[in-house]
K.L.:
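To start, I am sharing the structure in question, which I have written as structure tokens.
Ligands are counted one by one from 1 in listed order, and the atoms in each one are counted from 1 as well. Since we're looking at a predicted model, the values are computed, not measured. Note: hydrogens, waters and symmetry copies are ignored here, and every other heavy atom, side chains too, is used.
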Amino acid sequence: MSDSLSDALAALEAEVRAACAAARDDNELRQTAARYLGVSGTLTRLLKRIPELPGPERKPFGQRVNAAKVAAEACVAQAHARLRAEARERELARPAADVTLPGRRRKVGRRHPIQRVLEEVVDTFVGLGFDVAEGPEAELSVNNFDRLGFPADHPAMDMHDSFFVADLDAAARVLLRTHTSTVQVREMLSHPPPVRVVAPGAVYRRDDDVTHSPMFFQLEGLLVDEGVTLSQLRGVLEAFLGRLLGEGVKTRFRASYFPFVEPGAELDVGCLLCRGEDASCRVCKGTGWLEILGCGMVDPVVFSNVGYDPERYTGFAFGMGIDRLAMLRYRVPDIRLLYENDPRFLASV
Ligand code: FA5
């Protein structure tokens, strides 16, 4: 082997050593190794040229390049060990974790105040012997109005300014239900008397102010049997309100009109925000009272519409605003707070 070739290989070895010593991380070292020892690395290419050499030159050349290859591999292994040691040093030099620091408390959510009141109300009625029923939020207009005794285009429908979904012909017209009284119709159409159910759920109206939300929650109650009386309705509602808001709660019934009950009434609860002492209270508008439900004895017309015998059965029904109960229960001064989802408000109730 010529001296010049031998010098060139010695220079290559020196180059490999320098490159390995200069590698600052695993990635750089991997690139260096590939440059000399990879499939098309300098040393690999030299070894592949052995067959091109004249016979007598092959062995000494092969031995010399192999020695350079072994030396290069040793350099790479050494550099690898050096990098591992450096990494360990760095790790040990890092300040230790302070295990005495107090932990960070996880923020745990909780049920929305409307949901809490709704569950409590349902539980109370279940405790009084009522079953729980459900109905769809997108409802046939027939169930929302007609079967409940609203004559076509009756002005009482204006109080339920409605969101229509499909304005088809009258029989198939669909809207977002404006009250849960639709479930009365569905229950009576699907079950013979006696019936004793409550039906909670979302309802929708084109309303928006301190005590009116466009989407809100109601709970409907319906009890039908032989010999049901108005005084039983009053007893059930007063027992319920005493349990929910405390025995001292003030209530008053006012005669009112709903096409599906006769007689009909509304029930107000004494304002628990101002206790009737603030003429500028926005919740009770200075009256000292907040309306929370409509109720009455089921109109015989409704019984006829669902195939019940109005001569044999009587019943009472009520529909209460769950949001209003949540306002009283948690002293919420504006119904919209219940829907804005401000975490500061939600954490305070
Ligand atoms: C009704 O919806 C009748 N279906 C109730 C009923 C059922 C009467 C059975 C007779 C027999 P009314 O529109 O008054 O009635 O609503 C009932 C209650 O829902 C109100 O007393 C009030 O508490 C609540 N409410 C009504 N509109 C809103 C609104 N936009 N936002 C929040 N609560 C409301």
K.L.:
Just jot down the ligand 1 atoms closer than 4.0 angstrom to any heavy atom of Leu293, in number order.
P.N.:
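Counting atoms of ligand 1 from 1, those under 4.0 Å from Leu293 are 21 (O).
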K.L.:
With a 4.5 Å limit on heavy-atom distance, are the side chains of Phe345 and Glu340 in contact?
P.N.:
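The answer is no, as the side chains (C-beta and beyond) never meet within the 4.5 Å cut-off.
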K.L.:
If I apply the N/O under 3.5 Å rule, does Ile292 come out as touching ligand 1?
P.N.:
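Yes, there is a polar N/O contact under 3.5 Å.
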K.L.:
Is Cys295 close enough to touch ligand 1? Criterion: a residue heavy atom under 4.0 Å from a ligand atom.
P.N.:
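Contact check Cys295 vs ligand 1: positive.
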K.L.:
Can you name the atoms of ligand 1, numbered from 1 with element, that are less than 4.0 Å from a heavy atom of Glu266?
P.N.:
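The atoms of ligand 1 under 4.0 Å from a heavy atom of Glu266 are 14 (O).
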K.L.:
With the threshold set at under 4.0 angstrom, would you say Phe260 reaches ligand 1 through any of its heavy atoms?
P.N.:
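Flag set, Phe260 near ligand 1.
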K.L.:
If I apply the N/O under 3.5 Å rule, does Ala317 come out as touching ligand 1?
P.N.:
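No; the residue has no nitrogen or oxygen that sits under 3.5 Å from a nitrogen or oxygen of the ligand.
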K.L.:
Evaluate side chain to side chain donor-acceptor pair (under 3.5 Å) for Ser213 paired with Asp207, printing each intermediate quantity in order.
P.N.:
CA-CA 6 Å; Ser213 166; Asp207 280 348; over 6 Å; no
K.L.:
Does Asp323 reach ligand 1, in the sense of a heavy atom lying below 4.0 Å from it?
P.N.:
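False for this residue.
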K.L.:
Is Glu134 atom CD crowded by more than 12 heavy atoms from other residues, nucleotides or ligands, each under 6.0 Å away?
P.N.:
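Not more than 12 within 6.0 Å, no.
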K.L.:
Look at ligand 1 and say whether Thr211 reaches it with a heavy atom at a distance under 4.0 Å.
P.N.:
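Yes.
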K.L.:
Got a salt bridge between Glu120 and Arg243, using NZ or NE/NH1/NH2 to carboxylate O under 4.0 Å?
P.N.:
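Looking at Arg243 together with Glu120, the answer is no, because their closest N to O distance does not fall below 4.0 Å.
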K.L.:
Show the atoms of ligand 1 that are less than 4.0 angstrom away from any heavy atom in Gln184.
P.N.:
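Those qualifying, in numeric order: 9 (C).
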K.L.:
Can you tell me which residue among Phe260, Phe125, Phe240, Phe258 is in a ring pair (Phe, Tyr, Trp, His ring centres under 6.0 Å) with Phe318?
P.N.:
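For Phe318, the ring pair (Phe, Tyr, Trp, His ring centres under 6.0 Å) test succeeds with only one of Phe260, Phe125, Phe240, Phe258, which is Phe125.
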K.L.:
Would Val132 and Val122 count as a side chain to side chain contact (heavy atoms under 4.5 Å, CB included) here? Give the steps.
P.N.:
CA-CA 8 Å; Val132 180; Val122 169; 3.8 Å; yes
K.L.:
Using the ring of each side chain (for Trp, its six-membered ring), is Tyr204 parallel, tilted or perpendicular to Phe163, with breaks at 30° and 60°?
P.N.:
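Tyr204 vs Phe163 ring planes: perpendicular.
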K.L.:
Please determine whether side chain to side chain contact (heavy atoms under 4.5 Å, CB included) holds for the pair Lys69 and Val65, giving the CA-CA distance in whole Å, both sets of side-chain angles, and the decisive distance to 0.1 Å.
P.N.:
CA-CA 6 Å; Lys69 188 184 167 210; Val65 176; 5.5 Å; no
K.L.:
Flag this pair as yes if the NZ/CZ of Arg116 is under 6.0 angstrom from the six-membered ring centre of Tyr330 and inside a 45 degree cone about the axis; otherwise no.
P.N.:
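Yes, a cation-pi geometry.
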K.L.:
For atom 16 (O) of ligand 1, which of His212, Glu291, Gln218, His179 has the closest heavy atom?
P.N.:
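Ranked by closest heavy atom to atom 16 (O) of ligand 1, first place is Gln218.
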K.L.:
What atoms of ligand 1 come closer than 4.0 angstrom to any heavy atom of Gly321?
P.N.:
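Selected atoms, number and element: 18 (C), 19 (O), 23 (O), 24 (C).
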K.L.:
Is there a nitrogen or oxygen of Thr178 sitting under 3.5 Å from a nitrogen or oxygen of ligand 1?
P.N.:
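In fact, backbone or side chain, Thr178 has no N or O that close.
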K.L.:
Quick check: does Glu220 get an N/O under 3.5 Å from an N/O on ligand 1?
P.N.:
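For ligand 1, there is no N or O atom that lies under 3.5 Å from one belonging to Glu220.
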